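Worth saying up front: this structure is predicted, and the values here are computed from it rather than measured. A, B, ... follow the sequence lines: proteins, then strands. Residue 1 opens every chain.
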Amino acid sequence: MATEKITDIRHMLHWPGHMETDYIYTQGIAGEKFFSEIKENEKIYGGRCNHCGQVFVPPRLYCERCFRKIAEWRNLGSKGVVYTFTVVYIDIDGAKLDEPIMYALITFDGAEGGLIHRLGEIKPHEVQIGMPVEAVFRPQAERTGSINDIRYFKPQS
Amino acid sequence: MREVAIVGVGSTGFRAVTPDVSYKEMMFEAATRAYQDAGNISPRKDIDAFISVAEDYWEGFSIFDEFVPDQLGAVLRHLFTVCGDSIIGLSTAYMLIKTGHFDVVALESHGKPSDILTLYDVVQFAMDPMLNRPLGGHPFFVAGLEMTRFLYETGNTKEQCAMVVSKNRGNALANPYAAYGADIDVDDVLCSNHQFYPLNQLDVSQPSDGGIVMILASNEVAAELSDNPVWVKGVGWAVETPSLETRCWSDAVYARIAADMAYKKAGIGNPSREVDFAEVDDLFSYKELQHIEALRLCRPGEAGLLVEEGETWIGGSMPVNTSGGNLGMGWALEASGMQRLLETVLQLRGEAGSRQLSDVDVGVAQSWRGVPTTTGAVAVLTNY
């Protein structure tokens, strides 16, 4: 430990650093299927493990339980239910948001897992576990093959 | 049988900001204290191997391992860095000694989050780049999602979580190492700003800076280095799944698997009866309740009742986080688990000052790697 310490904060020197990292994250075979189906057909796909029978969403090329290859895709449509939710009131720097953002895990009938996404067209105090919701897609021309091709999930009409 | 003991501990203590020292000077201070505590050993000749616990992104370096040896006295010596939580680091030190090739091992962990200007952006970088990150927003929304489901499934309440905050911030008042001691009550927590519903501002641990070093030794040399060795009876660790989409949202499955591994090694069959006290991760208030249940220190769904009835407070039948936990000591990144270990050691040595528990022989320390992970580790420590 230092025997002489700096006691006047104005005397402290520091060096401002910036870690710049640009990446391309490859979506892979299962990711290509999943995001293409959202982009082209407004469908959410899962992958079925032929060993344990579980359907996982989002799909992966391998089963995390059996460590077997998954080769069968399943169309899960675009409707699900709210499994859990939260309402976020601050941004990533801690500043209060003008409008809170609602996030949920949406699960789909017959599938293990679900999708994390935003909720819309609903007030925070109206959200409940078990609530049926459906995906609201961006117009086709605006879609890029991203999770944001779904704008949010809204209560089923 | 070859046994492993903790024979020395040293800490800088934890503070919200530390502009007066660099991370290296912080580590040097903690190491100097630990070497002195372990019979004044010299790192230049008496320590067989060194382990530091660090993560590049927290540190702001690529290959941070290279920036570790000098401040620990480990230049030209046998050192590696574990990229994990500090109880995973402890497990690694334990295994080195168990091999029979090492008698004395130094373990280091620190956090200096006040150096990170975009701390929560680094957290966000731990999330899936295609499924989660594009959604944007503060990454602690993951904790809000988990708390909602945890309360829904277990019947524990937001008020009981607020009691955890009141208890831990109060315990921290009696801990000179803690950054966030405060006298607050349940209403203070429930009336604090909404952040990640159901989490309010005071439900969330705030960052803190500090370092801890521990010296571990085999039973063959432990008595030479310490009059009051603390024995590592069992260690365990586990990861559930990296995917937010397929993980369990109500239980801390990783902590249960890690605890079962550690209990088995320690020969503990009934933890709620055999364990005297626990230090568990409480980065968010509900995590303390969730982790108490995962460690089988109570029956499922009853952790909230324990805090409500005073059982997890100092003086209760199962004191939890007498140190103040992360809520009281602060979130010190990878050193958060080491804080839990440090308090467990101090309690078992009878050196916990005004928060000292009476008649304690078996303590459990547990860590979680934080949002968005499902990784945790557990250590069972005794003073006999």
With a 4.5 Å limit on heavy-atom distance, are the side chains of B/Glu146 and B/Lys287 in contact? yes
With only heavy atoms counted, which part of [X] is less than 4.5 Å from chain B, the side chain, the backbone, both or neither?
{"X": "A/Tyr152", "result": "neither"}
{"X": "A/Ala104", "result": "backbone"}
{"X": "A/Glu64", "result": "side chain"}
{"X": "A/Asn148", "result": "side chain"}
{"X": "A/Phe56", "result": "side chain"}
{"X": "A/His117", "result": "both"}
{"X": "A/Leu105", "result": "both"}

Measuring heavy-atom distances to chain A, does [X] have an atom under 4.5 Å in its side chain, in its backbone, in both, or in neither?
{"X": "B/Tyr152", "value": "side chain"}
{"X": "B/Thr12", "value": "neither"}
{"X": "B/Asn132", "value": "side chain"}

Please answer whether the main-chain N or O of B/Thr241 pairs with a side-chain N or O of B/Thr374 as donor and acceptor at a distance below 3.5 Å.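 The answer is yes, because a donor-acceptor pair under 3.5 Å joins these two groups.
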Taking A/Arg143's backbone N and O only, do any of them form a donor-acceptor pair with A/Asp149's side chain (distance below 3.5 Å, no angle check)?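 Pair absent, no side-chain N/O of A/Asp149 close to backbone of A/Arg143.
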Geometric class of the B/Tyr57/B/Phe125 ring pair [parallel <30°, tilted 30-60°, perpendicular >60°]: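 If you compare the ring of B/Phe125 with that of B/Tyr57, the planes turn out tilted.
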With B/Phe141, the side chain to side chain contact (heavy atoms under 4.5 Å, CB included) member among A/Ile101, A/Val88, A/Val87: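 Exactly one candidate clears the test, A/Val88.
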Out of the candidates B/Phe284, B/Trp331, B/Tyr180, only one should pair with B/Ser205 under the side chain to side chain contact (heavy atoms under 4.5 Å, CB included) rule; please name it. B/Trp331
Can you tell which of [options] has the highest number of heavy-atom pairs within less than 4.5 Å of chain A?
{"options": "B/Gln124, B/Met147, B/His194", "answer": "B/His194"}
{"options": "B/Thr246, B/Leu244, B/Leu145", "answer": "B/Leu145"}
{"options": "B/Glu245, B/Gln201, B/Gln71", "answer": "B/Glu245"}

Under a 4.0 Å threshold between the charged nitrogen and the carboxylate oxygen, would A/Arg151 count as salt-bridged to A/Glu121?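 No, no charged N to carboxylate O under 4.0 Å.
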Please say whether more than 12 non-hydrogen atoms of neighbouring residues, nucleotides or ligands are located less than 6.0 Å from CZ in A/Phe67. no
Would you indicate whether A/Gln128, at its atom CD, is surrounded by more than 12 heavy atoms from other residues, nucleotides or ligands within a distance under 6.0 Å?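 Result for CD/A/Gln128: open.
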Which one of B/Trp58, B/Phe61, B/Phe67, B/Phe28 satisfies the ring pair (Phe, Tyr, Trp, His ring centres under 6.0 Å) criterion with B/Tyr23? B/Phe61
Winner by heavy-atom pair count (cut-off under 4.5 Å) against chain B, out of [options]:
{"options": "A/Gly94, A/Pro100, A/Gly114", "value": "A/Gly114"}
{"options": "A/Gly17, A/Pro58, A/Ser146, A/Pro16", "value": "A/Pro58"}
{"options": "A/Tyr83, A/Phe85, A/Phe34", "value": "A/Tyr83"}

